[in-house]
Amino acid sequence: MIDPRLLRDDPDLIRAAQEKRGLSTAVVDDALEADSARRAAIADFEQLRAEQKQLGKQIAQAQGEEKADLLARTKRLAADVKVAEATQTEAEQHWRDAVYAIPNPAAEESPSGGEEDYVVLSEHGTPRDFEAEGFVPRDHVELGRILGAIDVERGAKVSGSRFYYLTGAGADLELALVNMAMDQARAAGFTTMIPPTLVKPRAMEGTGFLGQAADDVYRIEGQDTYLVGTSEVPLAAYHSDEILDAESLPRRYVAFSPCFRKEAGSHGKDTRGIIRVHWFDKVEMFTYTTLEDAADEHERLLGWEQEWLDKLELAYRVIDVAAGDLGLSARRKFDCEAWVPTQGRYRELTSTSNCTDFQTRRLDIRGRFPSEGSAQPEVKPIATLNGTLVAIPRTIVAILETHQQADGSVRVPKALQPYLQGREVLEPVVPVDG
RNA sequence: GGAGGUGUCGCCUAGCCCGGUUUAUGGCGCCCGCCUGCUAAGCGGGUUGAGGGUUGUGCCCUCUCGCGGGUUCAAAUCCCGCCACCUCCGCCA
């Protein structure tokens, strides 16, 4: 959630932020109204409650007639207290709903506008010119078939559309990528994690996935439990209700986990292959740090993503995602998009978001800081950030298509070879045409 | 899944049976000060978090004893439900 004090003190700032995302400012007025209603209700209840407690103390000491008299008075008061408390509870719920509807204001640097209004920050490597090389590139589905690496037909047979099997070299490729990613993160100081991927509503809501993104989330029938779409969820909720010592920051975690997405509203998009699927495995980086350090950490996460893509010898660009295309929690987001030869365009491979204190406020995660001038430490909000290291299917798509050769084989990037039993090339397992 | 037990302000712990000066006891740890040539010991004080009011920035108030209800003038304490952990049994990879 946004800082409620900021909303109260500078609502115009939040209104401007809503407009930058292309959203209505009505929610800001709703929230302001709910806030003053809430505060009035609190003052009301607290006054009555204080009175009740005072009388209660007197009753404990009073005797006889005096006691009976006090009891009669406070009995009426008790009813009022009950009503005031209910009013307060309701007002706080209203307020919470209103404030929760407001997304994290986008960073000043984030471009205004929607999905198409991103800004390209940099380009790396050169897309291969297959025409100059004299052959027509095969797409990843065809390459996956030739290499015995991807089986989408049987995936659909067993689980439905947007499911697949990784087989043989494909499965080997996933394990190699995961191990390589984990090694890189470990070397950078991340703590490796295998988190649970079924979570309670608190974790889902706390990370901002039950708002506008709720349609994309699998819920377990008959249970208040969800399948996560990213390990960001269990990694953020990991420290919920905790106060972290400032000296322990930044805390960096890297997790391997499956991810589940309904892909509601993407009917007909990317129906071929494994670009957009209901389940995939991912290695995700996650950082808890101070608000002051968050922007720098965001750059570092981007740096690790680029290091990763460089090692895979892919051509990619980095974009600054526009405000209207940010998730609920993000203040700023960078996507790394790799060139996919048969699509003739860049596709998102990794993504890193700075969520500042949006998630930590919802999940009650704070930092304990030594305060200047005072002996007592200070408890303050902290920031969370996340970044993909490797989302398996799309990375496999980019590797197969980018490093394919005319005979249907695929060259293995040098850095990946040690993780693939030293293989330099993935060879076809079926006869190849032309 | 069944039976029993436990859950207190960073950690440990008293209080619960028998509701009311409980402003939740004591210890450990941590912080500040005193003492001291230095360190330790000793002595004194402080130390959950959230929210509201006031702007006198220091003070006042409310909430917080696993969570949620209930009883009562009043709940850590009594009642109901839930959750987590421990022990035993059952089942299971």
Side-chain angles (χ1 to χ4, degrees), chain A residues 1-9 31-100 194-206 220 222-226 234 237-249 251 258 357-382:
Chain A
M1 68 189 289
I2 61 166
D3 182 355
R5 195 155 298 273
L6 183 65
L7 173 71
R8 199 184 303 165
D9 294 344
L32 280 172
E33 215 169 289
D35 186 39
S36 57
R38 157 181 160 268
R39 281 150 65 206
I42 287 172
D44 234 46
F45 163 73
E46 287 187 354
Q47 200 222 318
L48 288 168
R49 178 68 177 147
E51 208 175 315
Q52 183 189 38
K53 284 178 74 172
Q54 275 303 317
L55 286 170
K57 267 182 194 159
Q58 290 174 39
I59 288 168
Q61 288 166 338
Q63 296 293 328
E65 202 164 307
E66 189 193 358
K67 185 161 186 169
D69 187 51
L70 283 169
L71 277 176
R73 267 213 285 158
T74 192
K75 203 157 193 162
R76 281 196 301 277
L77 188 59
D80 294 345
V81 169
K82 202 159 221 168
V83 171
E85 187 172 22
T87 306
Q88 181 192 328
T89 304
E90 198 183 329
E92 287 188 319
Q93 187 58 46
H94 256 105
W95 170 77
R96 188 178 164 281
D97 290 347
V99 175
Y100 265 45
I194 309 286
T197 45
L198 279 168
V199 299
K200 298 197 273 189
R202 171 94 190 284
M204 219 62 191
E205 183 167 60
I220 304 296
Q223 284 184 35
D224 221 358
T225 311
Y226 299 86
Y238 184 63
H239 285 301
S240 52
D241 300 319
E242 292 181 31
I243 300 176
L244 306 177
D245 277 325
E247 307 94 78
S248 73
L249 303 176
R251 285 178 187 243
D357 53 348
F358 192 85
Q359 295 177 329
T360 57
R361 281 182 190 278
R362 291 179 168 216
L363 292 167
D364 286 317
I365 304 168
R366 288 151 294 165
R368 194 186 302 281
F369 295 82
S371 63
E372 304 156 43
S374 161
Q376 294 310 318
E378 208 180 337
V379 175
K380 292 194 296 186
I382 61 173

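It should be emphasised that the depicted structure is a prediction, and the values quoted were computed from it without experimental measurement. Naming: A, B, ... by sequence-line order, numbering from 1 per chain.
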If you pin A:K57 and A:E51 to their nearest nucleotides in RNA chain B, which one's is more 5'?
-> A:K57
Mark yes when over 12 heavy atoms from residues, nucleotides or ligands other than A:Q47 sit less than 6.0 Å from its CD; otherwise mark no.
-> no
If we take the C1' atom in both B:U62 and B:U54, what is their distance in whole Å?
-> 15 Å
Tabulate atom names and distances for all N/O pairs under 3.5 angstrom spanning the protein and nucleotides 71-78 of chain B.
| from | atom 1 | to | atom 2 | distance (Å) |
| --- | --- | --- | --- | --- |
| B:U71 | OP2 | A:K82 | NZ | 3.0 |
| B:C73 | OP1 | A:K75 | NZ | 2.7 |
| B:C73 | O2' | A:T74 | OG1 | 3.0 |
| B:A74 | OP1 | A:Q52 | NE2 | 3.4 |

Would you please name every residue forming a side chain to side chain donor-acceptor pair (under 3.5 Å) with A:Q93, sequence neighbours left out?
-> A:D97
Can you tell me how far the CG atom of A:L7 sits from the CD1 atom of A:I2, to the nearest 0.5 Å?
-> 4.5 Å
Taking only residues two or more places apart in sequence, or in another chain, which ones meet A:H239 in a ring-ring contact (aromatic ring centres under 6.0 Å, His included)?
-> A:Y253, A:Y288
Spacing of NZ belonging to A:K75 relative to CG belonging to A:L55, to within rounding of 0.5 Å | 14.5 Å
How far does the P atom of B:U23 sit from the matching atom of B:C28, given to the nearest Å?
-> 25 Å
Rounded interatomic separation in angstrom, taking CG from A:D245 and P from B:G10 = 13 Å
Is there a side-chain contact between A:F45 and A:T89, using heavy atoms and a 4.5 Å cut-off?
-> no
Decide salt bridge (Lys or Arg N to Asp or Glu O under 4.0 Å) for A:E205 and A:R96; before the verdict, give the C-alpha distance in whole Å, the side-chain angles of both, and the deciding distance to 0.1 Å.
-> CA-CA 12 Å; A:E205 183 167 60; A:R96 188 178 164 281; 3.0 Å; yes
Has A:Y238 got more than 12 heavy atoms of other residues, nucleotides or ligands less than 6.0 Å from its OH?
-> no
Is the CD atom of A:E33 crowded by more than 12 outside heavy atoms at less than 6.0 Å?
-> no
Expressed in whole Å, how much space separates the C1' atoms belonging to B:A14 and B:G70?
-> 28 Å
Classify the side-chain pair A:R362/A:Q359 by whether it contains a donor and acceptor separated by less than 3.5 Å.
-> no
Span that lies between the C1' atom of B:U47 and that of B:G26, in whole angstrom | 15 Å
Would you give a per-nucleotide map of nucleotides 50-56 of chain B, 5' to 3', where B means the base has a protein non-hydrogen atom under 4.0 Å away, S means only the sugar-phosphate does, and - means neither?
-> SBSS---
B:C31 and B:U39, which share atom name P, separated by this distance in whole Å | 14 Å
Can you tell me how far P of B:U47 sits from CD of A:E378, to the nearest Å?
-> 17 Å
Counting a pair only when it is Watson-Crick or G-U and both distances are under 3.5 Å, which runs of at least 3 such pairs involve RNA chain B?
-> B:1-7 with B:83-89, B:10-12 with B:26-28, B:29-34 with B:42-47, B:49-53 with B:59-63, B:66-70 with B:78-82
Residues passing the side chain to side chain donor-acceptor pair (under 3.5 Å) test with A:E247, sequence neighbours excluded, are none
Would you indicate, yes or no, if B:C61 has its OP1 or OP2 atom less than 4.0 angstrom from a side-chain nitrogen or oxygen of A:K53?
-> no
With rounding to whole Å, what would you report as the distance between B:C63 and B:G68 at their P atoms?
-> 14 Å
Rounded distance in Å between the C1' positions of B:A76 and B:G20 = 14 Å
Taking the P atom of each, how far is B:U87 from B:A93, in whole Å?
-> 22 Å
Below 4.0 angstrom from OP1 or OP2 of B:G49, is there any side-chain N or O of A:R368?
-> yes
Short side-chain to backbone donor-acceptor contact, A:R361 and A:P381, under 3.5 Å | no
